[in-house]
Trainee: 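Shown below is the structure under consideration.
Below, chains carry the letters A, B, ... as their sequence lines are ordered, and counting in each starts from 1. The analysis underlying the following values was restricted to heavy atoms, covering all of them including side chains, and did not include hydrogens, waters or symmetry mates.
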Amino acid sequence: MIRTALDQIALQVVDLHKYFEDSHVLRGISFTANRGEVVALLGDNGAGKSTLVNCLAGKLLPTRGEILINGTKQVINSPIKAQNLGISVVYQDLALIKEMSVVENLFLNREIMHSNTLLNRLGWLDKKAMEMRANKLLRRLGGEGIELQLPVSMLSGGQQQIVALIRAVNAGANIIVMDEPTAALGSEQCNQVIRLIRLLSSQGATIVLISHNLGQVAKLCDRAVVLYQGQTVADIAVKEVTQLELLALMSGKQCDGVSANQFSEYKS
Amino acid sequence: MIRTALDQIALQVVDLHKYFEDSHVLRGISFTANRGEVVALLGDNGAGKSTLVNCLAGKLLPTRGEILINGTKQVINSPIKAQNLGISVVYQDLALIKEMSVVENLFLNREIMHSNTLLNRLGWLDKKAMEMRANKLLRRLGGEGIELQLPVSMLSGGQQQIVALIRAVNAGANIIVMDEPTAALGSEQCNQVIRLIRLLSSQGATIVLISHNLGQVAKLCDRAVVLYQGQTVADIAVKEVTQLELLALMSGKQCDGVSANQFSEYKS
Amino acid sequence: LGHSSTTYTLTPEQSANVQGARLSAAMAWHGSSPWISAVTKGAKAEFKRLGINVIAVTEAHYDPAKQVSDLETLTALKPDILLSLSVDSLSTKPSYLQLIKSGTKLVLLSNPISGFSHGADFAGIVKDDVKGMGEAAAQLVAKALFDKGRVGVIYHEANYPITNHRDSAFRKALKRFPDIKIVSEKGFVKKNQTAQLAAAMMIQHHDIDAIYVSWDAAAEGVIEALRISGHKDTKVITHDLGVNNLIDMALGGNMFGTVSDRPNEMGKLMARIGAGAAIGLDTPLYTQVHFNTVTRENIAASWQIAFATELPKLLQQVLKQSEQVKVPE
Amino acid sequence: MMKLSAQVTANTLVYYTFVLTVVVFTFVLHSSAFFSVENWLNIVRQTAPIVVMAIALNVALSAGQLDLSIGAVVALSGLIAALLLPEYGVVIASVVALSLGGAIGAFNGYLSLRLAVPSLIITLGTMVFLNGFVRYLSGLESIPILNKPFLALFGGGSIWGVPTLLLWVLGIAVSVYCVFNYVQLGRHLLATGANVTAARAMGVNTIKVRIIAMSLSGFLAALAGLLYAGRMQSARYTLGESELITVLAAIAIGGCSLLGGKVSIWGTVLGVWLIGILNNGLILSGFSSDVQMMMKGVILIVAVGITFRARKQ
Amino acid sequence: MMKLSAQVTANTLVYYTFVLTVVVFTFVLHSSAFFSVENWLNIVRQTAPIVVMAIALNVALSAGQLDLSIGAVVALSGLIAALLLPEYGVVIASVVALSLGGAIGAFNGYLSLRLAVPSLIITLGTMVFLNGFVRYLSGLESIPILNKPFLALFGGGSIWGVPTLLLWVLGIAVSVYCVFNYVQLGRHLLATGANVTAARAMGVNTIKVRIIAMSLSGFLAALAGLLYAGRMQSARYTLGESELITVLAAIAIGGCSLLGGKVSIWGTVLGVWLIGILNNGLILSGFSSDVQMMMKGVILIVAVGITFRARKQ
Ligand SMILES: Nc1ncnc2c1ncn2[C@@H]1O[C@H](COP(=O)(O)OP(=O)(O)OP(=O)(O)O)[C@@H](O)[C@H]1O
Ligand SMILES: Nc1ncnc2c1ncn2[C@@H]1O[C@H](COP(=O)(O)OP(=O)(O)OP(=O)(O)O)[C@@H](O)[C@H]1O
Ligand SMILES: [Mg+2]
Ligand SMILES: [Mg+2]
């Protein structure tokens, strides 16, 4: 697979901090992700991964620190802003509207409007087009069995996750952040997601992937950024470490192969 | 590890069907689980696993079919009934009350009351006792970092799952049904859960485990019941099949090693 | 035509004519109160005597829109006679006209409707001597204070002609007593506010000797406030009769006196005028009903005149007790 | 206990019709006047402004906002129109009244979001303020309306035998129905009402959407005010004041949740009509007003109970 | 946008005090009578039954149920007590009135769950029915109460200089506060209100809990009725009728959500007092009632806005 423009930094996070009242959840997160790269974000439960994702998504405002998109410093103060910056997110809690149907969720805020100019102005929806599109998208990720008109609350856990994934991927974003996107998926669906991620990154998208499945990470990712209690403790090429070493890093232990300082080289 | 009373059937499901309006989701589920056994419930996304769990938990009433607990036919028409029958469940969606704190969730409906007889009668809570107990329980599953007084909504995804697990395990039930209990957990926590399940089953509890992680299933389970589109297509000893064979069964393919009919021996 | 009267009667033949005509009647009131119940009762009794069938009674919760709806609904019944008190003459006028067009004879209580002509549009108005009642209330205040003292006024702050006129008649009449001063005036929108208003008034003016309130139900709150704040000697003067305040009066509480009209008689008169109009008789434009000034001494008699019913049991008991108490006085 | 779809469902209609029929038959036994065309047109006319108020509240609720000020906006709008009509004519008077309604709604929405105070409290404040203001403005007098075009447009007249008020009701109901079923805005309103957090995460401008919901609610309430004024040929400070509870009842009966994210336009229309029919039938039946109220309560519970059971099956 | 804890928080108190002070100072400029002990006791007495009503509604809301019938139950309870007192004495009269309140609440709860109809609609039906019934029962007359022990117990008197009504308010508030903070029932009420599905899945008997919530609400409403009757030394069919909106406002100001799962007893008490102080201060200020209403609206928005902003920080 050919990685394009690997040297272009798409996303850079510099010394990010986040407090919730007086609990200091992110205590200095720094890492970079290049164009077309798949970066794993690893860490134990409660390490702060989702909090970081929320900061990138504009759902939370970091207390301190910088986020650079394509080299420019940005204040991501709302999900709309994140969207405009080309960031798309699969949230751990999916953030779907359970009462609304699958199509409605897939196209919320990205509705396909009627082609007639007048109706288009009014925001008149082209329901047919959306359904056709949705069917195509679902097939791509093994979601053929999902009934388009069913409210999301009636889908199985895995089916809901597929819907959230498709929604995020369909945004045509340059940076896609995925918070445990395969946690509820079966093996076959998992593989389809892995193939999709490969495809997207080959097309130049930057992927930040959170996963507890180290096997998947080893197969898929170029680099791994390890968080421990809200701090980045390592940022290393996946090929250079074993899974055991990664586990050690995640539980706060130093390991022989990589020193925690090693990752400071990546810092600008 | 010594399995006690393996021949006693703790849970038996016979030809269970469930319709949602006109969609036929469970189309004949039959399997048994013996005392002290760990039974895996496998199936693709949307196969009907969680629906089956909901029927066992008393959240849904099956349209047709029978459930026998310790050999007696039971109509499980409410979660209270299930609880009284000694069934405890970790739901896929966790079913925690997000607005309430961790302790409150752990002890909801199992509150420790004040020892003073009068106050006890009034239902006066012994908050101290509950906190101490909660701390002990959390430590057992790697949840030391979880703040007891925080509302569950503020916990990380994995932390929430730990809380739900502990709550279910703490009920002292004979039959524990776990719907993807490790989906959001890190490797270390996963291992702790595996150890816990082994301990519980060695103490005589029957465990029904739903998991997409076949490696985990192979390590932990005695038997695997495979669902495909709402039907049981296999019920086999885990040792007798390879992961690939299981995958084939889950995707509806017959496989050489085991015929689908084989499981009919387990029926009745 | 256009004459005023204090009574209206039907001769026996006229009554017989009415009975033969098999008429129907409806009533559309503005709201509900013991007073309007007494009017309804009087009217119903008279209608019954005249063989007229009462087919519907509505009350509008003091909401003109509701009254318009009520009137429109009544058109479907096509009553021959309609007795009504209009909440708001302007907005109800079109609906009255609709009824009148279909042949209904309209008898009004208290409030006229501007632009309606007597005979053509309506049969007559039965009303109180509003000015006289206001003046009588002023007399009562003077009597309570021995012509000298400070007065508070708690008045109905809404567009409602009867009470508005009565209140201003009271104010005007009180000016005839040079040593009586109105020191505070507060308006209420809903009658359950009067306790708050009275309490506030007494806090600002500890030395108020008497309070005038627009009507009886509103006076209950005033008496409650006076009682709780310990102002035993402040007298309350109002209009209409209510058991609760009469008991207070009988027991020598804050309630000093009230001016009562005769709702039962009003109902009877309205019924008769409606019946007369329905068989084509001439009817008076205005029919005015007398009022009574009620104090401790004449409670029982006034009740009988106003409501034509037995005195309520509790009130009877209290009156008996207080007479016994009064003996040694 | 699962929440139902946020979609607008039309199939509940059947059950309402059923309930209506039950109610109708209850009265048939008592009164034949009930069944005249005239009487039915009466009911339609009487309930028209209330239907529009109920739709207004429905729009606010769809986005999870509660608007208690609609009653007061009704009074204000009617009054403003009545005051402006003699000098400025029907166009300016209506436009000013409607814009004012929309502006008050927008103000409510903006303030509630800016101060992070529930819309319930803000609109309660606005309601109390406006109640005082209309009393002040009108001097407690009714203002007559003599302007012919205004009365023709908003009043109790008819076009080809169909009451203008019915046309208004149907026109507004159809438009709002379309917004919720076929237009992007409708989706965003419902998404915001069902789950603000998720809608925001998906990039919906929930603040804008909620302000739009409140403005639309204010605008429609103002329109209800014009319809009231037209029907009564006058405006009064008490207009719409006491209808809030009717409107809430109608909406709840209609199947719209007070928790947001759901909307049921035709259910609401039928809900108001049901209450209108009840009032009308009970008056025609000749009961005293005490008994009328008692029966109203009982019938309400029974009718709704039947509806809900029927819907569940 | 994250939901806050379902726990009862006492720390918001500070902010209310702050708002109260602001409001107080607004009036200080106008009237010195405002600051007399007499006036403050006066406010406490006048608001006492409303506080109890508000706590009643709070209990219902905690379990996610809305109880619109509390106003009507207040009237019924007062009336029943007044009618029974002369013959049966204080004990029987109060017990019957209170039990009736509890029974009506239980009936509401049972019916709402049995018919699967929102409690809003059922209690609306009950409210309308009872409104009619109390009118019928009372014949629109006030029923006087002369029973001395009853008046001493529920009335406007004092014990050691403290108004009995204040003792009632504090007693009830403390008890209900304890239930929600220290007793199993409170947890179950809040859990049911926050998330019925999850509470049910955890084995809470949500049906029983919600019926208990409604019964308690009815019981407390009936108690409010006795306090009203005691204070007014009479019972009227209109008692409590028009207080529903005040009660809703107070609860919303007090920080209790109308969506259930949250409760704020002291916030509610202070909310009612805030509204009481506002009314009192405005009356003392001598404005006309139009201006009073306008100012009330503005102050309400401003005060609550300040409170919410302060609380957020
Ligand atoms: N709103 C909040 N208030 C207080 N603490 C919070 C809040 N949100 C998150 N936290 C805390 O921040 C920590 C990190 O949470 P986060 O969700 O980022 O973890 P995570 O790395 O995604 O874990 P997981 O793998 O379990 O999803 C947790 O300990 C959590 O309790
Ligand atoms: N209330 C409902 N109404 C209609 N269909 C439903 C409902 N609940 C579940 N289903 C359907 O039943 C099927 C099985 O769902 P279930 O949740 O049991 O799957 P599962 O095996 O648990 O899948 P997963 O591994 O993704 O959790 C799904 O296709 C789902 O759409
Ligand atoms: Mg996470
Ligand atoms: Mg599942």
Trainee: At what distance, to the nearest 0.5 angstrom, does CG of Leu300(E) lie from CD1 of Ile122(D)?
Mentor: 8.5 Å
Trainee: Give, for atom CZ of Phe129(E) and atom CE of Met295(D), the distance between the pair rounded to the nearest 0.5 Å.
Mentor: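 Here the rounded value is 11.0 Å.
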Trainee: Which bit of Leu137(E) is near chain D, if near means a heavy-atom gap under 4.5 Å: side chain, backbone, both or neither?
Mentor: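 It is neither, since no heavy atom gets under 4.5 Å.
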Trainee: Distance check, rounded to the nearest 0.5 Å: Leu124(D) atom CG versus Leu248(E) atom CG?
Mentor: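 Rounded to the nearest 0.5 Å, the CG-CG separation comes out at 8.5 Å.
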Trainee: Could you tell me which portion of Leu130(D) (side chain, backbone, both or neither) has an atom closer than 4.5 angstrom to a non-hydrogen atom of chain E?
Mentor: neither
Trainee: I need the residue from Met127(D), Met294(D), Arg135(D) with the largest number of non-hydrogen atom pairs under 4.5 Å to chain E.
Mentor: Met294(D)
Trainee: Grab the two heavy atoms, one from Ile121(E) and one from Ile253(D), that are nearest each other, plus how far apart they are.
Mentor: CD1-N, 3.7 Å
Trainee: Using a 4.5 angstrom heavy-atom cutoff, name the option from Val298(E), Val128(E), Asp290(E) with the most pairs to chain D.
Mentor: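 Looking at each of Val298(E), Val128(E), Asp290(E) in turn, Asp290(E) comes out on top.
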Trainee: Can you list everything that forms a side-chain hydrogen bond (donor to acceptor under 3.5 Å, both in side chains) with Tyr110(E)? Sequence neighbours excluded, please.
Mentor: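 If we apply the side-chain hydrogen bond (donor to acceptor under 3.5 Å, both in side chains) test to Tyr110(E), skipping adjacent residues, the hits are Arg114(E).
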Trainee: Quick one: what part of Ser288(E) sits under 4.5 Å from any heavy atom of chain D, side chain, backbone, both or neither?
Mentor: neither
Trainee: Between Leu120(D) and chain E, which part of the residue has a heavy atom less than 4.5 Å away: side chain, backbone, both or neither?
Mentor: side chain
Trainee: Once side-chain hydrogen bond (donor to acceptor under 3.5 Å, both in side chains) is applied, do any residues pair with Glu243(E), and if so which ones, sequence neighbours excluded?
Mentor: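 Checked Glu243(E) against side-chain hydrogen bond (donor to acceptor under 3.5 Å, both in side chains); matches are Thr246(E).
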Trainee: Between atom CD1 of Ile301(E) and atom OG1 of Thr126(D), what is the distance when rounded to the nearest 0.5 Å?
Mentor: 4.0 Å
